[in-house]
Number of protein chains: 2
Amino acid sequence: MKAEWKKQFNRFNKRMTPCRQAIIDIFEEKRKHLSAEEVYILLRKKRRKVGMATVYRNLDLLSQMGLLHRLNFGDGKEHYEMARISPAKHHHHLVCTRCGKAVDYSELVGEEHEFLNRLEKKLGDKYDFSIQSHQIYFYGLCKDCR
Amino acid sequence: MKAEWKKQFNRFNKRMTPCRQAIIDIFEEKRKHLSAEEVYILLRKKRRKVGMATVYRNLDLLSQMGLLHRLNFGDGKEHYEMARISPAKHHHHLVCTRCGKAVDYSELVGEEHEFLNRLEKKLGDKYDFSIQSHQIYFYGLCKDCR
DNA sequence: GAAAATTTTGAGAATGATTATCAATATCTA
DNA sequence: TAGATATTGATAATCATTCTCAAAATTTTC
Ligand SMILES: [Mn+2]
Ligand SMILES: [Mn+2]
Ligand SMILES: [Zn+2]
Ligand SMILES: [Zn+2]
């Protein structure tokens, strides 16, 4: 995986810095959705001086490079998660509209993915879009908020 | 349709005010995605004094009441569109990650909806969620941004 | 390996969208 | 109509994110 990433950094003419490595490490360790603020706090435990701006810059970069997925759960801030490239562990989200909890699901991904691919092709052709990714969100109330 | 909405307002113990009516009119006339700012500007053409806060409050209320759908296209602000209750004209979105353009699509909605209903039931049971809605976003580059 | 060129970073200010406050108005209820 | 309740507009406040810019780190060139 390290190798894959190095390649990505080269492709983008970007340097793999200690700060960026640390951010990647955090996502590998935590394996969950993190906001910029949360990453910042975790990062400060590893390194003395970190600027909020650097966190935002790097989360943005890593997202553009495809190493992170940027998610919006409707709570006013962006969330990020590791893009599990290999093996491609595809999943989507169930979001509680009251408490904001976001749960991963990967049920029916096989069937889902087949369907979405078909749709993607159709839409790309019809609307002249080169589609690169998709997100599905189910909104509702979790059992604690019902 | 007016009747449906009146009912909704009663259910929520809310009043149908001139301001709210004007906002609904705007969405009926424009029939497209509008940000709070855009609604505010259009609203000022109809009524002298309007506060930004009132616009936000009402967009929020109308969304909770199910008359509007709140959409996030990743450009840092929320967008709203009329929820076409009857006939239920279901659609989702294709979003250009460069220019932010958002295109409606309703291809395969029949098949899609059947599939999503099945998935929704499965997920609701398994994760103990009462699912109320969903959104699908396809991200990519439109023809002008390629 | 040192100097020059390039990239990245941290600190803080600035921005922009959204929310909170609160007194004045409008609407509903009895 | 009086009293209760809901809504509004103006403004300030908040919060996430972006900008600015000089210092530090890294890479490239000689
Ligand atoms: Mn996830
Ligand atoms: Mn739409
Ligand atoms: Zn919840
Ligand atoms: Zn575009």
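Throughout, a chain's letter reflects where its sequence line sits, starting with A, and its residues are numbered from 1. Since the model is a prediction, treat every value here as computed from it, not as a measurement.
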Can you check the B:Glu37 CD to C:dT19 C1' distance for me, whole Å? 16 Å
Between B:Asp60 (CG) and C:dT18 (P), how many Å, whole number? 10 Å
Within the structure shown, what part of the strands sits under 4.0 Å from A:Asn58 by heavy-atom distance: base, sugar-phosphate, or nothing? sugar-phosphate
With sequence neighbours excluded, residues passing side chain to side chain contact (heavy atoms under 4.5 Å, CB included) with A:Asp125: A:Lys121
Reference residue B:His134; test ring pair (Phe, Tyr, Trp, His ring centres under 6.0 Å); the match among A:Tyr139, A:Tyr137, A:Phe138: A:Phe138
Rounded to the nearest angstrom, tell me the gap between atom CD in B:Glu38 and atom P in C:dT18. 11 Å
Rounded to the nearest Å, what distance is computed from the CG atom of residue A:Leu61 to the C1' atom of nucleotide C:dT7? 12 Å
Show me the pairs that pass ring-ring contact (aromatic ring centres under 6.0 Å, His included) and involve residues 61-80 of chain A, at least two apart or across chains. A:His33-A:Phe73, A:Phe73-A:His79, A:Phe73-A:His93
For A:Arg98, the side chain to side chain donor-acceptor pair (under 3.5 Å) test, sequence neighbours excluded, returns none
Just grab all the ring-ring contact (aromatic ring centres under 6.0 Å, His included) pairs involving residues 44-64 of chain B, residues at least two apart or on different chains. none
Starting at atom OH of B:Tyr80, determine the distance to atom P of C:dA17, rounded to an integer number of angstrom. 13 Å
According to the salt bridge (charged side-chain N to carboxylate O under 4.0 Å, His left out) rule, which pairs have a member within residues 66-81 of chain B, sequence neighbours left out? B:Asp60-B:Arg70
Base, sugar-phosphate, or nothing for A:Glu78, non-hydrogen atoms under 4.0 angstrom? sugar-phosphate
Check the distance between C:dT7's P and A:Phe9's CZ and give it to me in whole angstrom. 15 Å
Mind checking which nucleotides bracket the chain A contacts on DNA chain D, 5' to 3', with an atom under 4.0 Å from a heavy atom? D:dA16 to D:dT27
What does the inter-axis angle of the helix from C:dG1-D:dC30 to C:dA30-D:dT1 come out as, five pairs per end, nearest 10 degrees? 30°
All side chain to side chain donor-acceptor pair (under 3.5 Å) counterparts of B:Arg11, not counting sequence neighbours: B:Gln8
Can you sort out the partners of A:Lys32 under salt bridge (charged side-chain N to carboxylate O under 4.0 Å, His left out), two or more places apart, ordered by chain and number? none
Those residues that, when tested against A:Asp25, pass side chain to side chain donor-acceptor pair (under 3.5 Å) (two or more places apart): A:Gln21
Distance in angstrom units between B:Lys77 NZ and C:dT15 P, rounded: 16 Å
Take nucleotides 21-30 of chain C nucleotide by nucleotide from the 5' end and write B, S or -, depending on whether a protein heavy atom sits under 4.0 Å from the base, only from the sugar-phosphate, or from neither. B----BBS--
What's the OH-C1' distance between B:Tyr40 and C:dG16, to the nearest Å? 15 Å
All side chain to side chain donor-acceptor pair (under 3.5 Å) counterparts of A:Tyr127, not counting sequence neighbours: B:Glu107
List the steps, then state whether salt bridge (Lys or Arg N to Asp or Glu O under 4.0 Å) holds for B:Arg118 with A:Glu112. CA-CA 11 Å; B:Arg118 202 147 40 87; A:Glu112 178 188 284; over 6 Å; no
